[in-house]
Amino acid sequence: MTEAQLTPDSAPACAANGEHDRGAQSQQPAQRPLFNPPIDIYESSEGLVLIADLPGVTIQSLDLQIQDNRLTLYGRVKPFLPAGAKLLHQEYAEGDFLRSFILSDEVDHERIVARLNAGVLEVLLPKAPLAQPRRIQVNGH
Amino acid sequence: MAILQWRQNWEPFHDLERQVDRLLESMRFPLPALRLDRHQPPVNLYEMDEEFLLTARLPGTSHEQLDVAVNQGILTLKCNRPAPQGVADERFRRHERIWGTWQRSFTIPERVNEARVSAEFTDGLLLIHLPKIEEVKPRQIQVVATPA
């Protein structure tokens, strides 16, 4: 049984970051740490659904792209702290989000849709339609 | 990363794979607080000149599902992060996000003006502003000489 597959890419995040648009990098000279956002992947009737937690990421600061069969999400979190803020207690580290996935050929790249709401990204990866069996009419002469 | 390849006809391995994945995911976190407390969304606390700022990561929550209360020096956060609707457990290939209802309380310093505590929620990030009470200025007491 062939199925649409979505495999999180284990390539190191820093390597992928190097390929990212350098315009954004030059605006923020200080290198911000990158984190793997937590994700869920489930099967729906149309295909696979990928959900990623990206708190603090807006539509403008999210970069979702497909190159060959790799889907990369890169979400930048706008720093909001005023200068001189002192950290008293820390349970998470400030930074941006980066994660990439390898898509199988069964995913229809053209019909991928994504939406972002309250810091949660939902990407629908539809299955490519299978070739339908076609009956060939045999004609007499 | 999946250690075991999950196949549909090997149901027992499904749970095991998830558990191993989750264990590995949690170990990758460098922060001890996160490792122990992963069932609760993480918070940070900052101090500025005028206020304290508590930030919480609550992606997938709407502000109606969020309850922030201050009472007698205790700040209580309650919230609900709903699971994806109508998705059976066995349809999940990967599950790393946290769902559910949770509640956390924090003792806030006495220097905070409880009446002026405010909260804002945008893009899954909750900011709670805890303004400091203006320092009471020392009052000079005039010593009046009483005639003997």
Side-chain angles (χ1 to χ4, degrees), chain A residues 1 3-11 13 33 35-45 48-62 75-95 97 99 101 116-122 125, chain B residues 1-2 5 7-9 21-22 25 28-34 36-38 40-63 65 81 83-84 86-99 106 109 121-127:
Chain A
M1 178 173 150
E3 276 190 330
Q5 289 282 342
L6 181 65
T7 318
D9 189 5
S10 56
F35 297 98
N36 246 0
I39 55 154
D40 285 344
I41 298 170
Y42 67 84
E43 280 171 68
S44 76
S45 49
L48 290 176
V49 181
L50 165 71
I51 306 178
D53 278 350
L54 305 169
V57 174
T58 62
I59 292 174
Q60 291 78 29
S61 70
L62 176 69
R76 275 157 289 169
V77 179
K78 196 177 156 210
F80 58 88
L81 285 171
K86 198 168 76 183
L87 183 62
L88 298 182
H89 172 76
Q90 185 178 38
E91 292 178 357
Y92 69 87
E94 289 283 330
F97 297 104
R99 196 153 176 179
F101 306 88
L116 181 69
N117 186 23
V120 175
L121 172 71
E122 201 173 315
L125 303 150
Chain B
M1 93 194 106
Q5 199 67 42
R7 292 185 212 295
Q8 262 180 329
N9 49 348
D21 274 1
R22 255 191 259 177
E25 287 299 332
R28 219 185 290 155
F29 280 96
L31 304 166
L34 265 186
L36 295 172
D37 229 356
R38 274 210 82 208
Q40 290 190 326
V43 301
N44 280 359
L45 181 67
Y46 302 90
E47 182 177 2
M48 273 91 84
D49 291 340
E50 304 285 314
E51 62 175 16
F52 295 95
L53 179 67
L54 186 81
T55 64
R57 284 181 159 178
L58 302 169
T61 302
S62 67
H63 69 276
Q65 292 164 321
R81 303 173 72 189
V87 184
D89 256 4
E90 63 269 15
R91 286 183 167 265
F92 277 91
R93 299 281 188 86
R94 214 152 237 281
H95 173 30
E96 301 169 2
R97 299 162 67 238
I98 328 167
W99 306 325
F106 306 88
F121 185 68
T122 32
D123 303 317
L125 214 52
L126 175 70
L127 307 185

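In what follows, every chain begins at residue 1, and chains take the letters A, B, ... in the order their sequences are listed.
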Between Glu91(A) (side chain only) and Val43(B) (backbone N and O only), is there a donor and an acceptor less than 3.5 Å apart?
yes

Side chain, backbone, both or neither: which part of Ser61(A) has a non-hydrogen atom closer than 4.5 Å to chain B?
neither

What is the distance from atom OG1 of Thr55(B) to atom CD of Glu94(A), rounded to the nearest 0.5 Å?
6.5 Å

Less than 4.5 Å apart, any side-chain heavy atom of Thr122(B) and any of Phe80(A)?
no

Could you state the interatomic distance from CZ (Arg94(B)) to CG (Leu50(A)), rounded to the nearest 0.5 Å?
10.5 Å

Show me the donor-acceptor pairs, under 3.5 Å and distance only, between side chains in residues 56-63 of chain B and residues at least two apart or in other chains.
unit_1	atom_1	unit_2	atom_2	d
Thr61(B)	OG1	Leu58(B)	O	3.4
Ser62(B)	OG	Glu64(B)	OE1	2.9
Ser62(B)	OG	Gln65(B)	OE1	3.3

What heavy-atom pair brings Pro37(A) and Glu96(B) nearest, and what distance separates the two atoms?
O-OE1, 4.0 Å

Using the salt bridge (charged side-chain N to carboxylate O under 4.0 Å, His left out) rule, collect all pairs that involve residues 48-59 of chain A, keeping only residues at least two apart or in two chains.
Asp53(A)-Arg81(B), Asp53(A)-Arg97(B)

Hey, what do you get for CZ (Phe52(B)) to NZ (Lys86(A)), rounding to the nearest 0.5 Å?
8.5 Å

If you count heavy-atom pairs under 4.5 Å with chain B, which of Val57(A), Leu88(A), Val120(A) comes out on top?
Leu88(A)

Expected output: side-chain Arg91(B) to main-chain Tyr42(A) donor-acceptor under 3.5 Å:
no

Find the distance between NE2 (His95(B)) and CG (Asp40(A)) and round it off to the nearest 0.5 Å.
5.5 Å

Atom CG of Asp123(B) and atom CG of Leu116(A): how far apart are they, to the nearest 0.5 Å?
7.0 Å

For Leu53(B) and Leu81(A), work out which heavy atoms get closest and say how close.
CD2-CD2, 3.7 Å

Per-residue contact mode, Leu127(B) against chain A (heavy atom under 4.5 angstrom)
side chain

